[in-house]
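Accompanying notes for the structure given below.
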Amino acid sequence: MASSKPTNPEVDNDMECSSPESGAEDAVESSSPVAAPSSRFKGVVPQPNGRWGAQIYEKHSRVWLGTFGDEEAAACAYDVAALRFRGRDAVTNHQRLPAAEGAGWSSTSELAFLADHSKAEIVDMLRKHTYDDELRQGLRRGHGRAQPTPAWAREFLFEKAVTPSDVGKLNRLVVPKQHAEKHFPPTTAAAAGGDGKGLLLNFEDGQGKVWRFRYSYWNSSQSYVLTKGWSRFVQEKGLCAGDTVTFSRSAYVMNDTDEQLFIDYKQSSKNDEAADVATADENEAGHVAVKLFGVDIGGAGMAGSSGG
DNA sequence: GGATGTGTTGAT
DNA sequence: TCAACACATCCG
């Protein structure tokens, strides 16, 4: 008699949405299967046949997200749509991003993935129940070096404004110690030969081109450096002092040895004026990096792609 | 004929 | 914006 409004008994914000359908259990709420009860989840409505529908509203109209045998799955579909339609601060049934958590990649990647697809595309995936697959597939794409890895599949590590000596004749880039030790493999690793001569690291750039640099520690200057191969990068990209190089890695990493590193650069606004050309089409590299870390799911930035 | 999605309304 | 309910439409 106490409760007069058993609408939303607070969900357990901790379940995951990995396995859709395939689990239409009735174990939930073992009471009277007669009258279809209202869903415990936001955006989920019962269907006459006992299944569950997901929907979200936008601009006075309803956007149908499909039907699901599992109330959970329907709730997750709503969550994904809410994030895409209303941004990372959207009210959802589950605290965290459904498909990404527990699968090994960061939620940032999923937000970027969402930002990289139109609302219509996301809705379509949800209705076809292919969202999870698309997400995983996308994260894996590019590792085979066929095409550049999408910005949203990368995880920012650090960046550095290059100094005159970094782009000079010394043929080396000093990697800030704190970042080197935190993000790059130890130079004493077995792979390095163990003799402190450093090791070779591969970096993929914004165009999907792979660069190989020697990475080592110089006792003389007590600093970590990228040497062999670096000058070529500087030359081809037309790097100038003041420009910024950005390092990132694949957001989807199963083990350390499988880690893919990326390198991009952003031309300094000053150097921009100098317009050295040679990098006209490569400005995209910088643009991508900016987009990755400035991703704003709900902002006007995405409104444009909402149409279709 | 069952499943799916829309029309529509009333509540918040 | 949201969900309940009715019902039109789709599809095997």
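Naming: A, B, ... by sequence-line order, numbering from 1 per chain.
- Atom pair A:N49:CG and C:dA6:C1' shows a separation of 15 Å (rounding to whole Å applied).
- Distance, A:Y78 OH to C:dA3 C1': 11 Å, rounded to whole Å.
- Among C:dA4, B:dT4, C:dT1, the nucleotide with an atom closest to any side-chain atom of A:R86 is C:dT1.
- Phosphate proximity of C:dA4 to A:S38: present, with a side-chain N or O under 4.0 Å from OP1 or OP2.
- Not counting sequence neighbours, A:K177 has no partner by the salt bridge (Lys or Arg N to Asp or Glu O under 4.0 Å) test.
- Partners of A:S221 under the side chain to side chain donor-acceptor pair (under 3.5 Å) rule, at least two apart in sequence or in another chain, are A:S223.
- Contact between the side-chain N/O atoms of A:R51 and the OP1/OP2 oxygens of B:dT4 is found at a separation under 4.0 Å.
- Comparing C:dT1, B:dT4, C:dA4 by their nearest atom to the side chain of A:H60 picks out C:dT1.
- The 5' end of DNA chain C is approached more closely, in terms of each residue's nearest nucleotide, by A:K59 than by the other of A:K59 and A:V44.
- As rounded to whole Å, 11 Å separates atom P of C:dC2 from atom CD of A:E58.
- Every residue was checked against the ring-ring contact (aromatic ring centres under 6.0 Å, His included) condition with A:Y78, not counting sequence neighbours, and none meets it.
- Through chains of ILVMFWY side-chain contacts below 4.5 Å, A:W64 is grouped with A:V45.
- Between A:F68 and A:H129, the gap from one ring centroid to the other is short of 6.0 Å.
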Which pairs, protein N/O on one side and nucleotides 5-8 of chain B N/O on the other, fall under 3.5 Å?
| residue | atom | partner | partner atom | Å |
| --- | --- | --- | --- | --- |
| B:dG5 | OP1 | A:R127 | NH2 | 3.2 |
| B:dG5 | OP2 | A:W64 | NE1 | 2.8 |
| B:dG5 | O5' | A:W64 | NE1 | 3.3 |
| B:dG5 | N7 | A:Q47 | NE2 | 3.2 |
| B:dG7 | N7 | A:R62 | NH2 | 2.6 |
| B:dG7 | O6 | A:R62 | NH1 | 3.2 |
| B:dG7 | O6 | A:R62 | NH2 | 3.4 |

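- Taking the salt bridge (Lys or Arg N to Asp or Glu O under 4.0 Å) definition, one finds that A:D166 meets it with A:K160, A:R172, sequence neighbours left out.
- Look at NZ on A:K42: it is 4 Å from P on C:dC2, rounded to the nearest Å.
- No contact: A:G53 has no heavy atom under 4.0 Å from any strand.
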